[in-house]
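Reading through the structure tokens given below for one structure.
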Amino acid sequence: MTIVRGHGWLDGPGVVRVERDGAVTVLRAARAVLLNTGTAPLRLPIDGLEATPYWTNREAMKVTEVPDRLVVVGAGPNGLELAQVFSRYGARVTLLEAADRIADKEEPEAGAALTTILRDEGIDVRAGVEVERVDHDGTFHVRVGGETLDADALLLAAGRSNNLGDVGLETVGLDPDAPVVEVDEHLRAADRLWAVGDITGKGAFTHVSRYQAAGAVADILGRDGPPADYRAVSRVTFTDPELAAVGMTEQQAREAGLRVRVGVAQVEKSARGWLHGPGTTGIVKVVEDADRGVLVGATVLAPYGGEVVGLLVTAVHGEVPVARLRTMHYAYPTFHRTVEAALKRLG
Ligand SMILES: Cc1cc2nc3c(=O)[nH]c(=O)nc-3n(C[C@H](O)[C@H](O)[C@H](O)COP(=O)(O)OP(=O)(O)OC[C@H]3O[C@@H](n4cnc5c(N)ncnc54)[C@H](O)[C@@H]3O)c2cc1C
């Protein structure tokens, strides 16, 4: 294998141009080009922001001293995880979210429970607020909702944008302004071009990128393989407790025109609480396609939520009838017992 380092551009079907320090290498693919350019932090058009030394996730990972006061902008997975990490290291954290709730891509019940958990830990969680202006004079001054928050560090975690603007999509007949690269079920995007990962818009997760990579390689090598299937993609936000989900939310299922039944149960404090200590608050929510009697989505906010959701991934992916899930054994005392309670409440 030869690795050519540098910025790459597509240069017509099957051709890639790579540039580094003024030197250009042209590569001609015998079979295929695989595009996998990923994402970069979303830049927000906030007055004054670009003139300040704010952090993205990259700078936050390199920190050696915990700031006294940290403002985090964006309460999606990255913002939530890092807000809790810095708070537990001792920073006074304010978490700002423009949507009307945190974790707004996930079930509202989970977002509400997580809000309570984070507030109980001392994080100042504010949703439905827009940052109007940022200034920096050694201290950050973040103008939000008519108030100015002073902070020693500012972390921007307000989403990611796909690296597609400068990769030569137009040379293979694709729209360079499109937000994602459209791919078919074998990850084909254009003549001799396959695309995988975040840029395909099928879920910005490492496991989706790896799943797609395997499918694309099989197709490029002419091997038969199943078409890509995204019904049971799982996603985990690594807060404590973990917020994990699979498939559709209730709202997505309703928008898809399904006849929906949902069941919600609280994580039983008595199940493991005395062993696990803090972080035992949580919920499980299941979403059923009532006509087919199968789950199409589920959410777990619980310790080890990323592990617990695994059984629900099997249920959604395998279309296991809810009637059969209800007859399973659920070990006592575990967090996954809450799944049984949620299934009982389907209605
Ligand atoms: C802070 C953070 C935490 C995350 N945590 C999780 C997690 O816990 N679990 C999870 O599943 N996912 C997580 N993700 C998402 C995950 O990182 C991505 O979904 C995953 O890396 C797959 O990305 P990808 O394959 O599309 O490309 P990437 O991994 O982003 O790789 C793309 C590469 O292409 C390079 N590149 C871009 N343009 C060019 C060009 N023109 N020429 C040459 N090279 C180029 C980039 O520099 C980069 O190295 C997280 C993301 C962030 C930012």
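Small disclaimer: the values here were computed from a predicted structure and weren't measured. Computation of the quantities below employed the complete heavy-atom set of this structure, encompassing side-chain atoms and omitting hydrogens, waters and symmetry-equivalent molecules. Counting starts at 1 for both ligands and their atoms, following the listed order.
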### Per-atom contact, atom 27 (O) of ligand 1, protein heavy atoms, under 4.0 angstrom
yes
### Query
If hydrogens are left out, which of Thr39, Asp198, Val4, Val208 has an atom nearest to atom 22 (C) of ligand 1, that is, the closest non-hydrogen atom?
Asp198
## Note on the structure
Out of Ala157, Ala204, Ala213, Gly165, the nearest non-hydrogen contact to atom 14 (N) of ligand 1 is supplied by Ala204
### Message
Walk me through whether Gln212 and Thr200 qualify under side-chain hydrogen bond (donor to acceptor under 3.5 Å, both in side chains).
### Response
CA-CA 10 Å; Gln212 291 180 319; Thr200 64; 3.1 Å; yes
### Query
Once you round to the nearest 0.5 Å, how far does CD of Glu109 lie from OG1 of Thr249?
10.0 Å
### Message
Tell me the protein heavy atom at minimum distance from atom 30 (O) of ligand 1, and give that distance in Å.
### Response
Gly38 CA, 3.5 Å
### Message
Please confirm whether Pro77 approaches ligand 1 to less than 4.0 Å, judged on its heavy atoms.
### Response
no
### Task
Work out whether the distance between some heavy atom of Arg160 and some atom of ligand 1 is less than 4.0 Å.
yes
### Query
Given the protein's heavy atoms, is any one of them under 4.0 Å from atom 50 (C) of ligand 1?
no
### For atom 25 (O) of ligand 1, closest protein heavy-atom neighbour
Ser209 OG, 2.6 Å
### Message
At less than 4.0 angstrom from any non-hydrogen atom of His207, what atoms of ligand 1 do you find?
### Response
11 (O)
## Note on the structure
Under 4.0 Å from one or more heavy atoms of Phe238, ligand 1 contributes atoms 8 (O)
### Query
Would you say Phe205 and ligand 1 have an N/O pair spaced under 3.5 Å apart?
yes
### Task
Can you measure from CD (Gln266) to CD1 (Ile283) and round to the nearest 0.5 angstrom?
7.0 Å
### Task
For Asn162 and Leu164, indicate whether the former's side chain and the latter's backbone hold a donor-acceptor pair under 3.5 Å.
no
### Task
Say whether, by atom type as modelled, one donor and one acceptor occur between the side chain of Arg17 and the main chain of Gly8 under 3.5 angstrom.
no
#### Entry: Option nearest atom 4 (C) of ligand 1 (shortest heavy-atom distance, choices Thr237, Val167, Asn78)
Asn78
### Query
Can you list the atoms of ligand 1 that are under 4.0 Å from a heavy atom of Asn57?
1 (C), 53 (C)
### Task
Starting from atom 20 (C) of ligand 1, find the nearest protein heavy-atom neighbour and note its residue, name and distance.
Thr206 OG1, 3.7 Å
#### Entry: Residue pairs passing the salt bridge (Lys or Arg N to Asp or Glu O under 4.0 Å) test where at least one lies in residues 172-188, sequence neighbours excluded
Asp184-Arg188, Arg188-Asp219
### Message
Please report the interatomic distance OG1(Thr2) to CG(Leu27), rounded to the nearest 0.5 Å.
### Response
9.0 Å
### Query
Are any non-hydrogen protein atoms located under 4.0 Å from atom 6 (C) of ligand 1?
no
## Note on the structure
Result for side chain to side chain donor-acceptor pair (under 3.5 Å) between Arg160 and one of Asn57, Thr56, Asp198 points to Asn57
### Task
Tell me which protein heavy atom sits closest to atom 43 (C) of ligand 1, plus the residue, atom name and distance to 0.1 Å.
Gly6 O, 3.4 Å
### Task
Report the distance from atom CG of Leu343 to atom CZ of Arg324, rounding to the nearest 0.5 Å.
14.0 Å
### Query
Which residue owns the protein heavy atom closest to atom 41 (N) of ligand 1, what's the atom, and how far is it?
Gly8 O, 3.0 Å
### Message
At less than 4.0 angstrom from any non-hydrogen atom of Gly197, what atoms of ligand 1 do you find?
### Response
26 (O)
### Message
In terms of relative ring orientation, are Phe140 and His136 parallel, tilted or perpendicular, with 30° and 60° separating the classes?
### Response
tilted
#### Entry: same_hphob_cluster(Val320, Val260) at 4.5 Å side-chain heavy-atom cutoff
no
### Summary
If we number the atoms of ligand 1 from 1 as shown, the ones under 4.0 Å from a heavy atom of His7 are 41 (N), 42 (N)
### Message
Please check: side-chain N/O of Ser209 versus main-chain N/O of Phe205, any donor-acceptor pairing under 3.5 Å?
### Response
no
### Task
Please report which non-hydrogen protein atom sits nearest to atom 33 (C) of ligand 1, along with the residue it belongs to and the distance in Å to one decimal place.
Asn36 O, 3.9 Å
### Task
Please say whether more than 12 non-hydrogen atoms of neighbouring residues, nucleotides or ligands are located less than 6.0 Å from CD in Glu255.
yes
#### Entry: ligand 1 versus Thr37: contacting region, heavy-atom distance under 4.0 Å
both
